Amino acid sequence: MKYIVLFPILLFALFLQSASILSPSSHFTVLTYNCENAFDTLDASGFQDEDFLPQGRLHWSHFRFVQKMQRIAQVFLAADTLKPLDIGILQEIESDSCLIYLTQETPIASIGYQYLKTTSRDARGINVAIVYRPNSFQYISHESIGIPDSILTAHHWTPTRDILHAWGRIPSGDTLHVFAVHLPSRLGRVEAQQKRNYLLALLAQHINHVQHLFPRAHILLAGDFNSAPSSSDILQFAQQCTVLTNLVENKALGSYKYQGIWEWIDQIWVSQTLAELSTSVHTLTSPFLLESDPVFGGTRPFRTFIGPSYHAGYSDHLPVVYRFPL
């Protein structure tokens with residue numbers, strides 16, 4: 001697999017350039033999107049990706065891979081019809097191969113997106129990624145935040161997905177800290193909930209630290225929380241991380257439909273510096289992302305798979321779009 005390497009000298013040069021080189025715009029747009037199994041067709045040693053190989057159970061082919069990347073690119077283009085999307089926060093992305101194809105071989109290639117990705121030890125090998133437009137997000141640095149090996153060993157936990165924290169300068173001259181998450185599911189063994197609680201506490205610690213060091217920094221947290229804003233662990237996180245506001249709480253509809261009920265498991269949280277701006281957040285409900293729901297009525301996300309059957313859609317989640325003025 002290929003990897004993008006940003007050399008320290010280049011990073012330092014970018015950091016020294018003034019914010020005036022960034023593309024002027026009246027607003028900044030962020031998308032968070034669980035892509036539902038965005039796998040390449042290569043066998044990743046040590047990970048359970050056998051189903052997503054050409055000879056695997058799901059018959060994942062090069063054609064299906066290309067179609068998947070094209071569909072993600074279409075979501076990027078639909079997220080902001082006035083200008084290119086500034087940041088895309090993606091979940092269930094397997095590899096650099098996926099992101100290289102997305103940013104270089106699809107209709108968004110001419111925009112010049114760069115990306116950052118975790119290299120987690122999740123059993124299936126899926127990761128979170130931040131795809132950003134250098135003309136509007138001037139990269140400074142990033143880090144992966146995960147459960148330490150000592151904690152995994154002590155509790156006999158299996159590894160899970162890391163959190164990705166990146167920061168850069170935006171056209172207003174402000175620094176934007178972006179935290180991208182895909183938390184373990186609440187379902188299954190007690191271990192899953194214990195890992196969720198640990199990661200949420202760790203996340204709160206990191207965000208509070210950033211806010212303490214830079215009280216006026218813009219902070220944005222987004223991704224798949226695998227839990228509604230009203231769940232006990234999310235409410236506990238809100239108490240631990242009082243510097244953030246959940247923008248989707250109490251909003252209608254949702255991003256994910258489970259047994260006929262729409263839920264906000266894909267969430268966006270922001271610092272007070274962003275919350276005090278005239279911001280907007282909504283699910284992207286372009287017609288191509290939805291289909292009729294024959295079981296519960298209404299519509300549902302047009303997903304890639306229904307069980308083991310290829311459905312040729314986009315994702316079982318809807319994208320969530322957040323916009324704030326510059």
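It should be emphasised that the depicted structure is a prediction, and the values quoted were computed from it without experimental measurement.
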Give me the ring orientation class for [X] and [Y]: parallel if the planes are under 30° apart, tilted from 30 to 60°, perpendicular past 60°.
X: His165; Y: Trp167; answer: tilted
X: Trp157; Y: His155; answer: parallel
X: Phe305; Y: Phe52; answer: perpendicular

Find out if a path of hydrophobic residues (ILVMFWY) with successive side-chain heavy-atom gaps under 4.5 Å connects [X] to [Y].
X: Ile100; Y: Leu90; value: yes
X: Leu274; Y: Ile207; value: no
X: Ile93; Y: Phe179; value: no
X: Val181; Y: Ile89; value: no
X: Ile140; Y: Ile163; value: no

Test side-chain contact (heavy atoms from CB on, under 4.5 Å) applied to Lys68 and Trp60, Tyr314, Phe63, the passing residue: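 Only one of Trp60, Tyr314, Phe63 forms a side-chain contact (heavy atoms from CB on, under 4.5 Å) with Lys68, namely Trp60.
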Partner of Asp49 under side-chain contact (heavy atoms from CB on, under 4.5 Å), chosen from Leu42, Asn37, Ile126, Asp43: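 Answer to the side-chain contact (heavy atoms from CB on, under 4.5 Å) test with Asp49 among Leu42, Asn37, Ile126, Asp43: Asp43.
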So, do [X] and [Y] sit near enough that their side-chain heavy atoms are less than 4.5 Å apart?
X: Asn208; Y: Cys241; result: yes
X: Ile261; Y: Gln259; result: no
X: Lys83; Y: Thr29; result: yes
X: Phe137; Y: Asn135; result: no
X: Val178; Y: Tyr132; result: no
X: Arg64; Y: Tyr310; result: yes

Please round to the nearest 0.5 Å and tell me the distance separating atom [atom1] of [X] and atom [atom2] of [Y].
X: Arg323; Y: Thr279; atom1: CZ; atom2: OG1; value: 11.5 Å
X: Ile130; Y: Gln114; atom1: CD1; atom2: CD; value: 13.5 Å
X: Asp162; Y: Leu199; atom1: CG; atom2: CG; value: 8.0 Å
X: Gln70; Y: Leu102; atom1: CD; atom2: CG; value: 9.0 Å
X: Leu202; Y: Ile151; atom1: CG; atom2: CD1; value: 10.0 Å

Which Ile, Leu, Val, Met, Phe, Trp or Tyr residues join [X] in one cluster when any pair of side-chain heavy atoms under 4.5 Å counts as a link?
X: Phe47; value: none
X: Phe296; value: Val295
X: Leu235; value: none
X: Ile265; value: Tyr256, Tyr258

Indicate whether any N or O donor in one side chain lies under 3.5 Å from an N or O acceptor in the other, for [X] and [Y].
X: His317; Y: Gln91; result: no
X: Lys195; Y: Thr158; result: yes
X: Ser136; Y: Asp86; result: yes
X: Tyr33; Y: Asp266; result: no

Set of residues satisfying side-chain contact (heavy atoms from CB on, under 4.5 Å) with respect to [X], sequence neighbours excluded:
X: Pro159; result: Arg121, Leu152
X: Glu50; result: Gln48
X: Pro308; result: Arg57, Leu58
X: Pro287; result: none

Ring centroids only, cut at 6.0 angstrom: are Tyr115 and Tyr113 within range, meaning strictly under it?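 No, the ring of Tyr115 stays outside the 6.0 Å limit from the ring of Tyr113, centre to centre.
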Specify the closest pair of heavy atoms between [X] and [Y], including all atoms of both residues, with the distance to one decimal.
X: Ser255; Y: Val320; answer: CB-CG2, 3.9 Å
X: Leu164; Y: Ser144; answer: CD1-OG, 4.3 Å
X: Ala79; Y: Leu85; answer: CB-CD1, 4.0 Å
X: Pro107; Y: Leu77; answer: CB-CD1, 4.1 Å
X: Ala38; Y: Cys98; answer: O-SG, 3.4 Å
X: Thr103; Y: Val131; answer: CG2-CG1, 4.0 Å

Steps toward side-chain contact (heavy atoms from CB on, under 4.5 Å) verdict (Ile108, Ile72): CA-CA 10 Å; Ile108 64 173; Ile72 297 172; over 6 Å; no
Set out, in order, the CA-CA distance, both residues' side-chain angles and the distance that settles side-chain contact (heavy atoms from CB on, under 4.5 Å) for Arg71 and Thr304, then state yes or no. CA-CA 10 Å; Arg71 295 209 183 295; Thr304 305; over 6 Å; no
Indicate yes or no for a side-chain donor-acceptor contact from [X] to the backbone of [Y] under 3.5 Å, with no hydrogens or angles considered.
X: Asp233; Y: Asn197; result: no
X: Arg161; Y: Leu183; result: yes
X: Thr153; Y: Ser150; result: no
X: Glu94; Y: Asp40; result: yes

Pairs where residues 302-319 contributes a residue and the test salt bridge (Lys or Arg N to Asp or Glu O under 4.0 Å) is met, not counting sequence neighbours: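 Every salt bridge (Lys or Arg N to Asp or Glu O under 4.0 Å) pair that includes a residue of residues 302-319, provided the two are not neighbours, is Glu36-Arg303, Arg303-Asp316.
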Can you list, pair by pair, the side-chain donor-acceptor contacts under 3.5 Å of residues 210-225, counting residues two or more places apart and other chains?
unit_1 : atom_1 : unit_2 : atom_2 : d
Arg216 : NH2    : Glu276 : OE2    : 3.0
His218 : ND1    : Thr273 : OG1    : 2.8
His218 : NE2    : Asp174 : OD2    : 3.4
Asp224 : OD1    : Asn226 : N      : 2.8
Asp224 : OD2    : Asn34  : ND2    : 2.8
Asp224 : OD2    : His182 : NE2    : 3.3

Could you walk me through whether Lys257 and Asp293 pass the side-chain contact (heavy atoms from CB on, under 4.5 Å) test, one step at a time? CA-CA 10 Å; Lys257 194 175 187 181; Asp293 186 340; 2.9 Å; yes
Could you tabulate the donor-acceptor pairs under 3.5 Å formed by side-chain atoms of residues 246-253, not counting sequence neighbours?
unit_1 : atom_1 : unit_2 : atom_2 : d
Asn246 : OD1    : Val248 : N      : 3.2
Asn246 : ND2    : Gln267 : OE1    : 3.1

The test is side-chain contact (heavy atoms from CB on, under 4.5 Å); show your working for Gln240 and Gln236 and say whether it passes. CA-CA 6 Å; Gln240 295 171 332; Gln236 183 177 1; 3.8 Å; yes
Can you establish whether the number of heavy atoms outside Leu82 located under 6.0 Å from its atom CG is more than 12?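 Yes, CG of Leu82 has more than 12 neighbouring heavy atoms, counting only those of other groups under 6.0 Å.
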Residue list, ring-ring contact (aromatic ring centres under 6.0 Å, His included) with Trp262, at least two apart or on another chain: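 Once residues adjacent in sequence are excluded, Trp262 has no partner under the ring-ring contact (aromatic ring centres under 6.0 Å, His included) criterion.
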